**Q** 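Please read through the structure below; I'll follow up with questions.
Treat the numbers as computed from the prediction; the structure is a model and nothing was measured.
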Amino acid sequence: MKRFSQLAIPYVVWVILMILLPMLLILFYAFTTQGNEIINFTFTFDHFIRFFTDHDFLLILWRSLVIAFKTTVICVLLGYPIAYFIARSSDRIRNILVLAITLPTWINMLVRTYSWIGLLSEGGILQNLFGLQDTELLYTEGAVLLGMVYNFIPFMILQINTSLCKMDSSLLEASADLGANKLQTFLRVTFPLSLSGVISGIALVFLPAVSSFFIPKLLGGGQFFLIGNVIENQFITVGEWNFGSAISMIMAVIMMLCMYLIRRVDEHNNGGRQKKA
């Protein structure tokens, strides 16, 4: 057993170097002011005060949460029927459909997002196909939302499909034997038992959507600014690493709170189901 535990040492070293140390560095920058040539840092809360007292930054944060919420809702509404159809298909068809869902994820997300620029641009395929020459499709909130849903919906579909495939089919048969129709069976058996997959999908969609920066940058054209773009701008353009680190820490806290709430909802759902059983 001791010999097997030693195999985890490279992983632990990798976690320390690639995750823990960068997070500690961001934490250090967030609570300090920029040093001088003698590397003399001063601890301060000014960066956090600046963020929460600036109406523009709070507005951008709220916009990021709203667009992430919209993305998550659309992914649930579109992803659940697709996952349900895949789960109810034969094994051969199911494998083909799962491959079709995962195939786009094999391509870099940045490349996939770039492809939408050609589709949504003026004189592009969608404008000519649907006769929308007078409608601006690119560099709008709709374009950003479309890019978010396109990139993140596979995570929702796969999570729900996994939950549906693990469901005991005898429960559906028992529901039919007790006189329930298909709608009642879905509402009282199928959907409650698949909630764990829905909740996992929500976590995998909402968290990356709220912090995404290159999708709104490419499809929003700089006109639709989200909190991820603010962080990128502070590090790369403005050069205020301390303030950018403070915003990053704020987003990290928000994400951890979201993960905690999602976990509590999942635990409550599982506990309630066991109690009813």
Side-chain angles (χ1 to χ4, degrees), residues 66-120 125-126 129-130 137 140-173 175-176 180-212 215-216 219 258-259 262 265-266 269-270 273:
V66 170
I67 195 72
F69 176 78
K70 291 180 179 179
T71 301
T72 305
V73 171
I74 295 175
C75 286
V76 172
L77 295 178
L78 295 179
Y80 198 101
I82 297 173
Y84 185 85
F85 176 78
I86 295 175
R88 291 296 174 265
S89 302
S90 62
D91 292 341
R92 181 186 177 188
I93 299 298
R94 184 188 305 140
N95 293 333
I96 295 175
L97 293 176
V98 170
L99 178 62
I101 295 296
T102 57
L103 193 60
T105 62
W106 298 0
I107 305 173
N108 186 275
M109 189 179 294
L110 183 62
V111 176
R112 285 184 281 136
T113 305
Y114 261 115
S115 66
W116 279 103
I117 297 179
L119 294 173
L120 299 174
I125 296 176
L126 292 182
L129 185 63
F130 297 102
L137 300 179
T140 61
E141 180 181 349
V144 175
L145 191 59
L146 177 62
M148 293 276 197
V149 172
Y150 170 74
N151 281 295
F152 299 133
I153 196 172
F155 305 120
M156 180 68 70
I157 295 175
L158 294 176
Q159 290 296 318
I160 298 176
N161 175 66
T162 301
S163 180
L164 290 172
C165 290
K166 291 180 178 180
M167 188 182 306
D168 189 356
S169 59
S170 63
L171 296 175
L172 305 180
E173 298 173 359
S175 177
N181 56 37
K182 292 184 178 180
L183 179 59
Q184 291 174 329
T185 299
F186 174 78
L187 294 176
R188 298 184 179 183
V189 179
T190 304
F191 184 72
L193 292 178
S194 63
L195 273 179
S196 60
V198 175
I199 294 173
S200 299
I202 290 175
L204 292 177
V205 171
F206 182 83
L207 296 180
V210 76
S211 59
S212 178
I215 295 178
L219 300 182
C258 292
M259 291 178 64
I262 292 172
V265 171
D266 192 23
N269 175 62
N270 291 334
R273 188 175 66 202

**Q** Under the rule for side chain to side chain contact (heavy atoms under 4.5 Å, CB included), what residues qualify as partners of L137, not counting sequence neighbours?
**A**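 Only L120, L126, Q127, L132, T135 meet the side chain to side chain contact (heavy atoms under 4.5 Å, CB included) criterion with L137.
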**Q** Using modelled atom types only, decide if a donor and an acceptor are shared between the side chain of N181 and the backbone of Q184 within a distance under 3.5 Å.
**A**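 Side chain of N181 to backbone of Q184: a pair is present.
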**Q** Sorted by first residue and then second, give each salt bridge (charged side-chain N to carboxylate O under 4.0 Å, His left out) pair with at least one member in residues 88-112; sequence neighbours left out.
**A**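 Applying salt bridge (charged side-chain N to carboxylate O under 4.0 Å, His left out) to every pair that reaches into residues 88-112, excluding sequence neighbours, yields D91-R94.
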**Q** Does M109 reach the side chain of Y114, with side-chain heavy atoms less than 4.5 Å apart?
**A**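 A side-chain contact under 4.5 Å is absent here.
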**Q** Find out whether T140 and V144 are in side-chain contact, i.e. whether some heavy atom of one side chain is under 4.5 Å from a heavy atom of the other.
**A**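 The answer is no, as the side chains (C-beta and beyond) never meet within the 4.5 Å cut-off.
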**Q** For S175, what residues pass the side-chain hydrogen bond (donor to acceptor under 3.5 Å, both in side chains) criterion, not counting sequence neighbours?
**A**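 With neighbours one apart ignored, the set is T185.
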**Q** To check you understand the geometry: which heavy-atom pair defines the closest contact between M156 and V205, and what is its length?
**A**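 Residues M156 and V205, closest heavy atoms: CE-CG2, 4.0 Å.
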**Q** Let me confirm one number: the CD1-CG distance from I153 to L77, rounded to the nearest 0.5 Å.
**A**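 CG of L77 is found 9.5 Å from CD1 of I153.
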**Q** For residues 72-81, which residue pairs qualify under salt bridge (charged side-chain N to carboxylate O under 4.0 Å, His left out), counting only residues two or more places apart or in two chains?
**A**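 Counting only pairs at least two positions apart or across chains, no salt bridge (charged side-chain N to carboxylate O under 4.0 Å, His left out) contact touches residues 72-81.
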**Q** Determine yes or no for a side-chain-to-main-chain donor-acceptor pair under 3.5 angstrom, with S194 supplying the side chain and G197 the backbone.
**A**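 Looks like no, no N/O pair under 3.5 Å.
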**Q** If every non-hydrogen atom of L207 is compared with every non-hydrogen atom of C258, which pair is closest and at what distance?
**A**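 Minimum heavy-atom contact is CD2-CB, 3.9 Å.
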**Q** List the residues meeting side-chain hydrogen bond (donor to acceptor under 3.5 Å, both in side chains) with T113, not counting sequence neighbours, and say none if there are none.
**A**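 So T113 forms a side-chain hydrogen bond (donor to acceptor under 3.5 Å, both in side chains) with N151.
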**Q** Parallel, tilted or perpendicular: which describes the rings of Y150 and W116, with under 30° parallel and over 60° perpendicular?
**A**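 It falls in the perpendicular class, over 60°.
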**Q** List in chain and number order the residues that pass side chain to side chain contact (heavy atoms under 4.5 Å, CB included) with T162, two or more places apart in sequence or in another chain; answer none if no residue qualifies.
**A**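 In terms of side chain to side chain contact (heavy atoms under 4.5 Å, CB included), with neighbours along the sequence ignored, T162 is linked to K166.
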**Q** State, to 0.1 Å, how close A83 and I157 come at their nearest heavy-atom pair, and which atoms those are.
**A**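 In terms of heavy atoms, the two residues are closest at CB-O, 3.6 Å.
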**Q** Indicate the atoms forming the closest heavy-atom contact of I101 with P104, along with that distance.
**A**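 Where I101 meets P104 most closely, the heavy atoms are O-CD, 3.3 Å.
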**Q** Looking at side-chain heavy atoms only, is the closest gap between M148 and P216 below 4.5 Å?
**A**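 Yes, their side chains come closer than 4.5 Å.
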**Q** Only counting residues at least two apart or in another chain, list the ones meeting side chain to side chain contact (heavy atoms under 4.5 Å, CB included) with T102.
**A**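 For T102, the residues satisfying side chain to side chain contact (heavy atoms under 4.5 Å, CB included) (neighbours in sequence not counted) are V98, L99, T105, W106, L158.
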**Q** Determine whether L164 and F191 make a side-chain contact, defined as any pair of heavy atoms from C-beta on separated by less than 4.5 Å.
**A**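 Not touching, per the 4.5 Å side-chain cut-off.
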**Q** List the residues meeting side-chain hydrogen bond (donor to acceptor under 3.5 Å, both in side chains) with S169, not counting sequence neighbours, and say none if there are none.
**A**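 Testing S169 for side-chain hydrogen bond (donor to acceptor under 3.5 Å, both in side chains), a comparison that skips the adjacent residues, returns none.
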**Q** For N108, check side-chain hydrogen bond (donor to acceptor under 3.5 Å, both in side chains) against everything at least two apart and list the hits.
**A**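 By the side-chain hydrogen bond (donor to acceptor under 3.5 Å, both in side chains) rule, N108 matches no residue at all.
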**Q** I need the L172 CG to T190 OG1 distance, nearest 0.5 Å.
**A**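 Nearest 0.5 Å value for the CG-OG1 distance: 4.5 Å.
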**Q** Take S89 and L97 through the test side-chain contact (heavy atoms from CB on, under 4.5 Å) and record every step on the way to the result.
**A** CA-CA 9 Å; S89 302; L97 293 176; 4.0 Å; yes
**Q** Looking at S200 and Q159, what are the two nearest heavy atoms and their distance?
**A**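 Scanning both residues completely, I find the closest heavy atoms to be CB-OE1, 3.4 Å.
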**Q** Going by side chain to side chain contact (heavy atoms under 4.5 Å, CB included), name the residues that satisfy it together with L145, two or more places apart in sequence or in a different chain.
**A**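 L145 satisfies side chain to side chain contact (heavy atoms under 4.5 Å, CB included) with I67, K70, T71, I74 once adjacent residues are dropped.
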**Q** Checking F206 now: which residues fulfil ring-ring contact (aromatic ring centres under 6.0 Å, His included) with it, not counting sequence neighbours?
**A**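 F206 satisfies ring-ring contact (aromatic ring centres under 6.0 Å, His included) with no other residue.
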**Q** Applying ring-ring contact (aromatic ring centres under 6.0 Å, His included), can you list everything that pairs with Y84, at least two apart in sequence or on another chain?
**A**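 Applying ring-ring contact (aromatic ring centres under 6.0 Å, His included) to Y84 gives F186.
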**Q** I need the minimum non-hydrogen distance between T72 and A68, along with the two atoms involved.
**A**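 Looking at all heavy atoms of both residues, the shortest contact is OG1-O, 2.8 Å.
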